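Taking it in order: structure first as structure tokens, then the write-up.
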Amino acid sequence: MSKTTPESASIDSDVDAFRQRMIDNLWHTHGQAIQTADRHDAYMTLCYTVRDHLIDRWRKTVEAQYSSNPKFVCYLSAEYLLGKQLPQNLLYTGTTEVARQALTPYGLDLDDLMQFDVEPGLGNGGLGRLAACFLDSLATLDMPAIGYGIRYEFGIFRQTFRDGWQVEQPDEWLLHGNPWEFPQPADMVEVGFGGHVQPYTDNEGHERRRWICKEKVLGEPCTTLVPGYGTQTVNILRLWRARATEEFDFRLFDEGDYARAMEQKIYSENISKVLYPNDGTPEGRQLRLRQQYFFVSCSLRDIIRLYRLKNASWDQFSDKAAIQLNDTHPVVAIPELMRLLLDEHLLEWDQAWEITRKTFAYTCHTLLPEALETWPLELFGSLLPRHLEIIYEINHRFLSQVRQRFPGDEGRVRRMSIIGEGPPRQIRMANLASVGSHAINGVAELQSRLLRERTLRDFADLWPDKFQNKTNGVTPRRFLRMANPQLSELIDATIGEGWLRDLEQLKGIEPMADSADFRAQWRVIKQANKHRLSEVLQTTTGFSADPDSIFDVMVKRLHEYKRQLLKALHIITLFHRIKSNLGADVPPQTFIFGAKAAPGYWMAKLIIKLINSLAETINRDPDVRDQLRVLFVPNFNVSLAERIYPAADLSEQISMAGKEASGTGNMKFALNGAVTVGTLDGANIEIRERVGEDNFFLFGLTADEVLDLKERGYRPRNYVESDPELSQVIHLIADGRFSGGDRELFQPIVDSLLDHDEYLVLADYRAYVDCCERACQAYLDPDRWTRMSILNTARCGFFSSDRVIGQYCEDIWNLKPVIPK
Ligand SMILES: *Cc1c(COP(=O)(O)O)cnc(C)c1O
């Protein structure tokens, strides 16, 4: 036995220590002995034991931060899409093997217990996942940082399909308890809503105003530990949970009206009940605004409390705290900080405004003018009357600045005003963010340019220096190391493990693209990943996928601008070719989809139904099923994403140019050696620049050409009339070929394409179909293909979220690391 080597002796003692801590935890938290514990109890105690390791590091982090009084960044985001915590925390604490061995004597299997770990789905998609990647990188770079958000009791809905239609199920992620968070009631704060504003004169004779609110709600922070990789730093994510100030109304309770006695409690606690799906439906807008103000107000009070622990005056506030606004959702923080400084801490306007402007920075995630958030003035004022006053004052001062710079340009004044003239009159949150922040950034080169030239052009005229670009990135720990362990091992064996904290080191594998032996190993790993995914597909869709076929993957939220419909038209094209005996050279392909549609987004749901109907028809048709297969994985989330990206051959990034702000799915695919079929949109452009045009399949109109075509007058029917194959494809849908003869079902899709086609699906159709054909041809040459795959991984080191966070620290936050001892 190898017990004699010092290394295995230390592992053995680690295993013993870990096991003892687990047994103690189980006893102390559940009153259970490990011999009699069920698997869920064992899972919980495993998590507590791993968490203990994090807590030890956290204490060191807090001590180092407390003694050096550094600047912190506070990341405000309404969404965090964290993914499973157990495998991450095992990896980061280096306890995966130790835990595995500690469990064995009790007949417990680590991979089995991993199933109990629930992914907190506190986000919709890319924006929430970006926030999670940023927290990971901040801790990895030893940056003092706190994430703030909302602890939704129900996260993003669980998606199932019934008869091909999306059905939403509640996401009861907290049902069995969440071992990763701990509530900290000692840091509870109070938040107000409604009421009115009262003027008064203070002791020094100053005119002041105070907000007499009508309703109060408590915010209780739940803290989740965020470890860095390869460092002792552990930061925190604080998610606020709404609590009623009174459990129930005793008067009503005494009168026997139990239901009404509970009403106020339920109303208050509804604030953190459920994550908003990102569709623009108006219902529930008031609750959404309550959520935003609730988490922002709680967070600012927490930030001020932490600042005051070590700092007496206000002079240094913006030297000690940077607050990043992740999109417009937390922008009400700007008038809230003003209110706290003016009304509660009695600062004068000019000083309060100086602090506010220097503290905030704003990240804009969109280009769609209709996606820039606005609030009806009346709604806003009834909920936050004092904030409305403050916004009026900010706007008044701001517009006189604009008039001074651009005399007589009242059109510009109207466009830039924080208040949009209705009816109804609106508060424009992006304008408020632009005025109240010292830096405004887009999330990819193209989007940052278009923000300056189109969406926020007037603001860029006024303050060109405020505008920056920070191209998004993803954490290589979760999306390469955890998602693709075999490829990570091959990379480790080739260039060492440095890439995990310095992703540009992946460049080191570039020369290996010329090695036949390395390419063979690369292929074996991709093949194994495809096998693994195929098992998941079998259980989730009921259909298997042949790992020898091309895995052509499109996973992301369902949105018309992302153009899942274009992919569907391509599949129908191939189906039609095979059915009419023109498909002899169509190589075997598996089309894999994953996408949730916002529950109120009717067209998106119909597109899901169409793709599921294609799957039904194609997968059961003996003429085509050996060449084509269509699989729609229900409930696409981070855990599935980790299985899917590493198994992809082709990455579909086919949004209409000028619509996708950045995309991060595109980066995760490329890092895992998938080759992109894509438009010149978002970060696709930068991916292509880096991997090289020979290793990227480009098609479609550019953002400028899109604008041009629309200005000239786009007529989608022209494309159908001049392309017989496209005409056939549309006809098949309209004729009920995929709906059992029902010609009504998909008519809205056909009409929308023929009459408007807002996202130019038909204009890009021919270029796309041809491009996919080129990609298939390339795939049929394994040496060429594997070379492309390797080069995609090797050249995507830029897309690490560590790089992005480094840039934010340098260019926006002026943040320095604090390294725990
Ligand atoms: C990365 C990711 C996204 C974002 O994908 P895009 O292709 O950039 O839209 C959405 N959802 C999940 C679960 C992800 O991991």
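Note that the structure is predicted; figures quoted are calculated from it, not measured. As the structure lists them, so they are numbered: ligands from 1, and atoms in each ligand from 1.
When only interatomic distances are considered, the shortest N/O to N/O separation between T664 and ligand 1 falls below 3.5 Å.
The protein non-hydrogen atom at the shortest distance from atom 7 (O) of ligand 1 is K556 NZ, 2.7 Å. Atom 12 (C) of ligand 1 has F636 CE2, 3.6 Å as its closest protein atom, hydrogens excluded (heavy atom only).
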Taking it one step at a time, do Y645 and N484 satisfy side chain to side chain donor-acceptor pair (under 3.5 Å)?
CA-CA 9 Å; Y645 296 123; N484 204 338; over 6 Å; no

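Per-residue contacts place G125 under 4.0 angstrom from the following atoms of ligand 1 (heavy atoms of the residue considered): 10 (C), 11 (N). Close contacts between ligand 1 and G663 involve ligand atoms 8 (O) [criterion: under 4.0 Å to a heavy atom]. Within ligand 1, counting atoms from 1 as listed, the ones closer than 4.0 Å to a heavy atom of G126 are 3 (C), 4 (C), 10 (C). Short contacts between ligand 1 and Y645, defined as distances under 4.0 Å to a heavy atom of the residue, involve ligand atoms 1 (C), 2 (C), 14 (C), 15 (O).
With a heavy-atom cut-off of 4.0 Å, K668 touches ligand 1 through its side chain alone. Neither the backbone nor the side chain of F669 comes within contact range of ligand 1; no heavy atom lies under 4.0 Å. Under 4.0 angstrom from ligand 1, there are no non-hydrogen atoms of V474.
Rounded to the nearest 0.5 Å, atoms CG (L138) and CG (N235) are 7.0 Å apart. If you take OG on S789 and CG on L650, they are separated by 10.5 Å, rounding to the nearest 0.5 Å.
The closest heavy-atom contact to atom 5 (O) of ligand 1, among the options G121, C133, G665, A641, comes from G665.
Using a 4.0 Å cut-off between a side-chain N of Lys or Arg and a carboxylate O of Asp or Glu, R151 and E181 qualify as a salt bridge.
Within the 4.0 Å heavy-atom cutoff, K562 counts among the residues contacting ligand 1.
For the pair N178/W173, a side-chain contact is recorded, criterion being any heavy-atom separation below 4.5 Å from C-beta on.
Of the candidates I571, V630, L565, I611 forms a side chain to side chain contact (heavy atoms under 4.5 Å, CB included) with just one, namely V630.
A donor atom on one side chain and an acceptor atom on the other are found under 3.5 Å apart for Q324 and T363.
Ring geometry, Y768 versus H570: the interplanar angle exceeds 60°, so the pair is classed perpendicular (tilted spans 30 to 60°).
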